[in-house]
Structure formats: C-alpha cells, structure tokens
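Here the structure is laid out as structure tokens; the discussion comes afterwards.
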Amino acid sequence: MSNREARRHLAQDPVLAPVIAQVGACRLKPVGGREPYEALVRAIAHQQVHGRAAEAMLNRLIALAPGHPFPPPAGILALPEGALRSCGFSGAKQAAILDIAHKSAAGWVPTRRAASRMADEALIERLVALRGVGRWTVEMLLIFTLGRRDVLPVDDFGVREGYRLAAGLESQPRPRDLATIGEAWSPFRSAASWYLWRAADLHKAGQFRMPQAI
C-alpha cells in the first residue's frame with residue numbers, strides 16, 4: 001500500500017480533504033510478520049477490556065511458552081486445565097482462544113502466506129466461523145495484520161463517528177449508507193478508515209476543527 005498515493009486519492013473527496021489537511025500524512029502501517037492466528041488471539045484478549053489489562057493477560061500467556069515469541073497453537077492446546085484462566089482470561093475468552101488454536105492446528109485458520117492468496121471476503125467468511133470472532137475482528141486483522149488497503153469497517157463506531165464529524169452531521173451514518181459513500185474511496189478505504197479514526201481522536205482531544213454541515 002502506498003500511503004502517499006492513498007492520501008492523494010482521498011484528498012479529492014470534499015469530506016475527507018479537510019481531515020487530511022488537519023492530520024497530514026497517513027501513518028497506517030500493519031504489524032510486520034504477525035500470523036493471523038496470533039492476531040486473532042490478541043483480538044480476543046482485547047475484547048471488552050482495557051488495553052493494559054489485555055496486554056497483561058497476553059504477557060502471562062506468552063510466559064507459559066518459553067522459547068516462543070508467541071505460544072503456537074499446539075502449545076496452547078497442551079496447556080494444563082485452568083492455565084488460560086490463571087492468565088486472567090474469562091471463560092468465554094478461554095473457549096474462543098482454544099477454538100482458534102484448534103482451528104489453526106487443523107489448518108482452518110490460514111497462515112499469513114496462505115492468507116495472502118485469499119480475497120478479503122473469503123477470509124471474512126472463513127474466520128467469522130470461529131468462536132468469538134465477528135466481521136469487525138476480521139476487518140481489523142485485514143487492515144492491521146495483513147495490510148489490505150481497501151477495507152472499510154462500516155460497523156466501527158470510530159469510523160462512523162469520524163465521518164459524522166468530518167461531514168458536519170448531527171448523527172452517524174448508517175453502516176449501509178457509509179458503505180455506499182465509501183465506494184468513492186476505493187481502492188484506499190483502509191486509509192480512509194484511518195483518517196476517520198484520527199478525526200474521532202482529534203475530537204476527543206478537543207482539537208478537531210468542525211466543518212459546517214454539508
């Protein structure tokens with residue numbers, strides 16, 4: 001993905017252009033080399049908890065697999081009963097992590113190399129079958145792990161809120177409406193999402209320059 005090319009393309013959009021002018025260069029960069037399996041386990045850990053709490057649980061999990069940068073699927077499946085709970089994972093998170101490990105060991109969760117040969121929708125369809133994994137989680141994997149450049153997570157609160165702010169609207173657009181709007185941002189909808197997240201972040205910090213309603 002060329003962030004410079006994405007910025008040039010998106011700056012032609014009257015709603016995104018002021019956001020881009022405020023934010024500047026797109027700094028969207030996927031995590032290099034991370035396997036989809038690891039990304040999914042990390043996503044489960046972060047569901048509905050503070051980021052620091054999630055990282056603490058993950059660090060305790062990693063400590064159970066010395067010699068590995070991250071516990072492999074077989075390593076998680078070999079853990080004694082109660083080990084995941086001792087890391088701080090809830091029963092639901094434990095069940096989801098074990099399902100991801102089982103499906104990864106069986107080849108259902110593709111490796112990064114195999115995923116590179118699969119279309120976005122094919123990956124979404126496959127991975128949402130995993131316990132605890134929804135479309136939004138897979139979309140985050142596509143953007144931040146696999147570096148897919150044309151993903152617009154229309155159900156994401158921050159993306160919809162960013163568009164509301166950028167467009168000067170009173171309410172957030174419905175997901176299906178944002179999907180239609182976002183067609184003009186293709187093939188750089190991931191970068192568009194990144195800019196909309198930044199708009200929401202700036203607003204939280206009291207630094208976003210609100211446009212007039214359009």
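Since the model is a prediction, treat every value here as computed from it, not as a measurement.
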*With E38, which residues qualify under salt bridge (charged side-chain N to carboxylate O under 4.0 Å, His left out), at least two apart?*
R34, R42
*Look at the aromatic rings of F188 and H9 and report parallel, tilted or perpendicular, splitting at 30° and 60°.*
tilted
*asked:* Give me each pair satisfying salt bridge (charged side-chain N to carboxylate O under 4.0 Å, His left out) with a member in residues 100-109, each pair once, sequence neighbours excluded.
replied: D99-K103
*Is the closest side-chain heavy-atom distance between I97 and R131 below 4.5 Å?*
no
*Do L146 and L123 come within less than 4.5 Å of each other through their side chains, counting heavy atoms only?*
yes
*Would you give the length of the straight line joining atom CG of L142 to atom CD1 of I124, rounded to the nearest 0.5 angstrom?*
5.5 Å
*From D120 atom CG to S190 atom OG, the distance as rounded to the nearest 0.5 Å*: 7.5 Å
*Is a side-chain donor or acceptor of S104 paired with a backbone partner of V109 at a separation under 3.5 angstrom?*
no
*Path from V31 to I143 over hydrophobic side-chain contacts below 4.5 Å*: no
*asked:* If we ignore hydrogens and angles and just use 3.5 Å, is the side chain of E35 paired with the main-chain N or O of T111 as donor and acceptor?
replied: no
*asked:* Test side-chain contact (heavy atoms from CB on, under 4.5 Å) on L127 and L130; report intermediate values, then the result.
replied: CA-CA 6 Å; L127 297 180; L130 298 168; 3.9 Å; yes
*Minimum side-chain heavy-atom gap V133-L141 below 4.5 Å*: no
*Heavy-atom pair of closest approach, residues A200 and G158*: CB-O, 3.9 Å
*Look at the side chain of S116 and the backbone N and O of R113, then say whether any donor-acceptor pair between them is shorter than 3.5 Å.*
yes
*Taking the side chain as every heavy atom from C-beta outward, state whether T145 and P30 have any atom pair closer than 4.5 Å.*
no
*Which heavy-atom pair separates G182 from L152 by the least distance, and what is that distance?*
CA-CD2, 3.9 Å
*Any side-chain heavy-atom pair from L196 and D156 closer than 4.5 angstrom?*
no
*Please, which pairs that meet salt bridge (charged side-chain N to carboxylate O under 4.0 Å, His left out) have at least one residue in residues 6-25, sequence neighbours excluded?*
none
_Could you report the tightest heavy-atom contact between A6 and A191, atom names first, then the distance?_
CB-CB, 3.8 Å
*If you measure from CG on L202 to CE on M210, what distance do you get to the nearest 0.5 Å?*
12.0 Å
*Hey, does the Lys NZ or Arg CZ of R27 hover above the aromatic six-ring of W194, less than 6.0 Å from the centre and inside 45° of the axis?*
no
_What I want to find out is whether R135 reaches E121 closely enough, with some N-O distance under 4.0 Å, to be called a salt bridge._
yes
*Got D201 and F208 here, is their nearest side-chain heavy-atom distance under 4.5 Å?*
no
*Which pair of non-hydrogen atoms, one from A45 and one from V49, has the smallest distance, and what is that distance?*
O-CG2, 3.2 Å
Listed pairs under 3.5 Å, donor-acceptor, residues 83-91 side chains, sequence neighbours left out:
residue : atom : partner : partner atom : Å
R85     : NE   : F89     : O            : 3.0
S86     : OG   : A83     : O            : 2.5
S90     : OG   : K93     : N            : 3.2

_Nearest-0.5 Å distance, CG of residue L165 to NZ of residue K204_ = 10.5 Å
*So do the side chains of R189 and V151 get within less than 4.5 Å of each other, counting heavy atoms only?*
no
_All pairs passing ring-ring contact (aromatic ring centres under 6.0 Å, His included) where residues 126-150 contributes a residue, at least two apart_ = F144-W197
_I need the M57 CE to I44 CD1 distance, nearest 0.5 Å._
11.0 Å
*Nearest heavy-atom neighbours spanning S193 and P153*: OG-CD, 3.2 Å
_side-chain contact (heavy atoms from CB on, under 4.5 Å) assessment of Q47 paired with T137_ = CA-CA 9 Å; Q47 287 178 354; T137 298; 3.9 Å; yes
*Considering all heavy atoms of both residues, which atom of M118 and which atom of R126 are nearest to each other, and what is their separation?*
CE-NE, 4.1 Å
*So, the side chain of H50 versus the backbone of R52: is there a donor-acceptor pair under 3.5 Å, distance only?*
yes
*Can you check whether R176's main-chain N or O pairs, donor with acceptor, with T180's side chain at less than 3.5 Å?*
yes
_Modelled atom types, side-chain donor and acceptor of E55 and H46, under 3.5 Å_ = yes
Please list every donor-acceptor pair under 3.5 Å in which a side-chain atom of residues 14-26 meets a protein atom from a residue at least two apart or in another chain.
residue : atom : partner : partner atom : Å
Q22     : OE1  : R209    : N            : 3.1
Q22     : NE2  : R209    : O            : 3.4

*Is there a donor-acceptor pair under 3.5 Å between the side chain of R164 and the backbone N or O of L169?*
yes
*Take Q172 and L178 through the side-chain contact (heavy atoms from CB on, under 4.5 Å) test and state the conclusion after the steps.*
CA-CA 9 Å; Q172 294 183 357; L178 185 57; over 6 Å; no
*Can you check whether R160 reaches P175 side chain to side chain, under 4.5 Å on heavy atoms?*
yes
*Give, for atom CD1 of I100 and atom CG of L77, the distance between the pair rounded to the nearest 0.5 Å.*
11.5 Å
*So V159 and V154, side-chain contact (heavy atoms from CB on, under 4.5 Å) or not? Walk me through it.*
CA-CA 7 Å; V159 169; V154 295; over 6 Å; no
